[in-house]
Amino acid sequence: MTSDSLSMDLAGIGIGPFNLSLAALAHDVPGLKTRFLDQKPTFSWHAGLAFDDSAMQTSYLKDMVTPVLPTSAWSFLNYLVQQGRFYDFMAARFETVSRQEFTDYMAWVARNLETCQFGATVQEVEHDGHRFVLRTASGNTLNARGLSIGTGPVPHVPPQAPLGPNCFHGVEYLERSLDISGKRVAVIGGGQTGAEIVLDLLRAAPMPAELTWLSRRSAFWHLQEGGLVDQIYTPAYHDVFLGLTDAAKAEAVSAQKYSSDGLTPSTADEIYRQLYRHKYVNGRAVVSIRPGRTVTRIEQRFGGFCLNAETPVKAVEELNADIVILATGFRPAVPHCLDPIRDRLDTEPGGALTLDGRYRVQWDGPEETPIYGLNHGRQSHGIVDPQLSLTAWRSAAILEDFTGRPLFDALRRSPAGLVDWANGEVAEDAVRIPA
């Protein structure tokens with residue numbers, strides 16, 4: 001950007017997978033001017049959790065564009081071709097792609113899209129009554145008719161956690177270069193992130209002196225997967241979900257939790273094998289895994305930490321640790337750059353922006369200047385919203401809503417699916433794709 005104000009149709013704040021998909025699909029929309037800004041110097045995606053053997057839980061065909069525009073130059077398959085590895089990849093017969101390779105694919109898309117600009121921190125966003133005005137840290141100004149908020153969720157940290165060099169959120173795990181030799185390590189959180197950190201610690205040489213894994217879940221539950229389960233990650237179910245009552249939506253999201261937030265069977269099985277080896281082969285019982293524990297206190301003491309964990313019968317266990325790793329998930333958040341208009345935005349009790357059926361943020365501004373919220377619709381759009389499965393479909397729906405044009409034939413060819421869901425009336429403000 002120059003020091004002069006740029007005028008765009010749609011401006012995106014944050015370049016994670018969701019805004020990247022929007023940028024990729026928008027690239028070939030005739031007459032549409034877009035710009036996507038991110039404060040990071042280059043594309044990255046949870047680099048602190050990029051383990052060498054981490055695999056995507058979503059098919060590589062559900063990439064930034066393929067489900068709605070398989071002929072796009074920004075597909076994962078074209079990435080393989082451009083990198084000269086298509087035949088080698090296919091011959092490997094991967095059931096899924098590694099997280100590292102999929103991140104490299106997204107970085108390739110971001111590098112080659114001229115509409116994606118890194119090292120550009122949006123400091124504030126205002127609305128002048130007609131358009132949004134974005135000001136960056138470098139003093140540049142951009143104005144746009146519409147906004148797409150894709151800054152992503154922020155780490156959820158328990159309020160009592162004394163953050164510091166030896167107490168931190170798991171998203172920073174690989175960036176910390178920990179010295180765990182002879183240390184007592186506690187990992188809090190029973191999801192896939194916690195499992196991958198625990199597995200890495202179990203494989204470490206040397207291992208921690210003690211390793212304790214605590215989870216408030218009643219057990220270390222596996223991911224629910226398979227063809228029938230996957231039907232909730234389709235446009236057909238999305239449309240049905242929008243027609244449910246708020247109470248029915250909340251019940252569905254709760255019931256479907258482990259379709260996206262369980263442990264992958266391969267990770268869980270390898271953890272169990274490591275536990276067996278450490279206890280029976282190596283003769284070292286230095287590991288304790290404790291489900292059904294809610295950590296109620298983390299207190300610094302004598303250069304380490306004292307933790308209290310409450311059991312289901314209200315007993316309190318106490319343990320000491322030198323290092324505490326919080327695999328406690330993420331929460332939605334409104335970026336600070338929206339502070340100038342924050343009091344005009346509706347938000348959910350958990351901090352997410354309130355969305356209508358078209359992914360528009362509910363606010364008091366003009367209808368013709370929409371704000372789209374990405375990864376803010378878990379309550380309104382279901383458990384699929386923070387996942388990658390419908391990323392391209394959502395991006396296409398947003399672009400059609402914003403332009404008022406039928407841009408993607410795939411949105412009108414989505415089948416009803418193989419499951420007859422209990423029908424509700426589709427919400428009036430839902431994304432409607434005519435037959």
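Numbers for residues simply follow the sequence, beginning at 1.
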May I have all residue pairs that pass ring pair (Phe, Tyr, Trp, His ring centres under 6.0 Å) and include part of residues 295-316, sequence neighbours excluded?
-> none

Rounded to the nearest 0.5 Å, what's the gap from CG on Leu326 to OG1 on Thr193? Could you check?
-> 12.0 Å

Derivation and outcome, side chain to side chain donor-acceptor pair (under 3.5 Å), residues Asp52 and Gln100 = CA-CA 7 Å; Asp52 290 343; Gln100 284 188 334; 3.3 Å; yes

Quick one: pull up CG in Leu134 and CG in Leu147 and give me the separation to the nearest 0.5 Å.
-> 5.5 Å

Are any non-hydrogen side-chain atoms of Val185 and Val324 less than 4.5 angstrom apart?
-> no

Test side chain to side chain contact (heavy atoms under 4.5 Å, CB included) on Asp9 and Thr34 and set out the steps.
-> CA-CA 6 Å; Asp9 296 311; Thr34 65; 5.6 Å; no

So, Arg85 and Glu101, do they make that salt bridge, N to O below 4.0 Å?
-> yes

Pairing of Arg394 and Asp385 as salt bridge, 4.0 angstrom limit = yes

Lys/Arg-Asp/Glu bridge criterion (N-O < 4.0 Å) met for Glu310, Arg290 | no

Are more than 12 heavy atoms from other residues, nucleotides or ligands located less than 6.0 Å from atom CZ of Arg216?
-> no

What closest approach, in Å, do Trp108 and Gln82 show between heavy atoms, and which atom pair accounts for it?
-> CZ2-CG, 3.9 Å

Is the His238-Trp421 ring centre distance short of 6.0 angstrom?
-> no

Do Lys249 side-chain atoms and Ser380 backbone N/O form a donor-acceptor pair below 3.5 Å?
-> yes

Qualifying residues under salt bridge (Lys or Arg N to Asp or Glu O under 4.0 Å), relative to Asp364, sequence neighbours excluded = Arg344

State which residues pass side-chain hydrogen bond (donor to acceptor under 3.5 Å, both in side chains) with Lys33; sequence neighbours excluded, sorted by chain then number.
-> none

For Phe402, is the NZ or CZ atom of Arg145 found under 6.0 angstrom from the centre of its six-membered ring and inside 45 degrees of the ring axis?
-> yes

How close do Leu49 and Gly170 get, heavy atom to heavy atom, and via which atoms?
-> CD2-O, 3.1 Å

Here the pair of heavy atoms bringing Pro366 nearest to His127 is CD-CE1, 3.6 Å

Nearest non-hydrogen partners of Ala23 and Cys116, listed with the distance = CB-SG, 4.0 Å

Give, for atom OG1 of Thr66 and atom CG of Leu77, the distance between the pair rounded to the nearest 0.5 Å.
-> 6.0 Å

Is the Phe89 to Phe94 ring centre distance short of 6.0 Å?
-> yes

Taking the six-membered ring of Phe168 (Phe, Tyr or Trp), confirm whether the NZ or CZ of Arg176 is under 6.0 Å from its centre and within 45° of its axis.
-> yes

Between Asp401 (side chain) and Ala397 (backbone), is there a donor-acceptor pair under 3.5 Å?
-> no

Stepwise side chain to side chain donor-acceptor pair (under 3.5 Å) check, Asp269 with Ser266 | CA-CA 5 Å; Asp269 289 347; Ser266 59; over 6 Å; no

Regarding Arg293 and the six-membered ring of Trp213, is the cationic atom NZ or CZ under 6.0 Å from the ring centre and inside 45° of its axis?
-> no

Heavy-atom neighbours of Trp221 CH2 exceed 12 at 6.0 Å | no

Kindly state whether the ring of Tyr372 and the ring of Tyr359 have centres lying under 6.0 angstrom apart.
-> no

Residue pairs, two or more places apart or on separate chains, that pass ring pair (Phe, Tyr, Trp, His ring centres under 6.0 Å) and touch residues 322-354 | His46-Phe330, His169-Phe330

Check ion pair Arg203-Asp200 (N to O, under 4.0 angstrom) | no

With sequence neighbours excluded, what pairs up with Glu348 under the salt bridge (Lys or Arg N to Asp or Glu O under 4.0 Å) test?
-> none

Please say whether more than 12 non-hydrogen atoms of neighbouring residues, nucleotides or ligands are located less than 6.0 Å from CD in Glu251.
-> no

Pairing of Glu367 and Arg360 as salt bridge, 4.0 angstrom limit = yes

Answer yes or no: is there an ion pair linking Lys257 with Asp261, defined by an N-O contact shorter than 4.0 Å?
-> yes

Before giving the answer on side chain to side chain donor-acceptor pair (under 3.5 Å), spell out for Thr115 and His27 the whole-Å C-alpha distance, their side-chain angles and the decisive distance to 0.1 Å.
-> CA-CA 8 Å; Thr115 55; His27 183 263; over 6 Å; no

Between the main-chain N or O of Gln123 and the side-chain N or O of Thr121, is there a donor-acceptor pair closer than 3.5 Å?
-> no

May I ask you to test the Arg184-Pro208 pair for a side-chain heavy-atom distance under 4.5 Å?
-> no

Are the side chain of Thr58 and the backbone of Leu388 linked by a donor-acceptor contact shorter than 3.5 Å?
-> no

Are the side chain of Ser21 and the backbone N or O of Met64 linked by a donor-acceptor pair below 3.5 Å?
-> yes

Verify the neighbour count for atom CD of Glu114: are there more than 12 heavy atoms of other residues, nucleotides or ligands below 6.0 Å?
-> no

Would you check if the side chain of Asn19 reaches a backbone N or O of Gly14 as a donor-acceptor pair within less than 3.5 Å?
-> yes

Say whether, by atom type as modelled, one donor and one acceptor occur between the side chain of His278 and the main chain of Leu202 under 3.5 angstrom.
-> yes

Positive for side-chain contact (heavy atoms from CB on, under 4.5 Å) with Asn308, one of Val316, Leu319, Thr294 | Val316

Hey, does the side chain of Ser259 reach the backbone of Gln256 with a donor-acceptor pair shorter than 3.5 angstrom?
-> yes

Could you tell me which non-hydrogen atom of Val361 sits nearest to which non-hydrogen atom of Gly373, and how far apart they are?
-> CG2-N, 3.8 Å

Not counting sequence neighbours, list each pair that qualifies as a ring pair (Phe, Tyr, Trp, His ring centres under 6.0 Å) and has a residue in residues 140-164.
-> none

Where Pro235 and Leu390 come nearest, the two heavy atoms and their spacing | CD-CD2, 3.7 Å

Kindly say whether Phe76 contributes a backbone atom to a donor-acceptor pair with the side chain of Asp63 at under 3.5 angstrom?
-> yes

Quick check: does any side chain N or O of Ser44 sit under 3.5 Å from a backbone N or O of Ala47, one acting as donor and the other as acceptor?
-> no

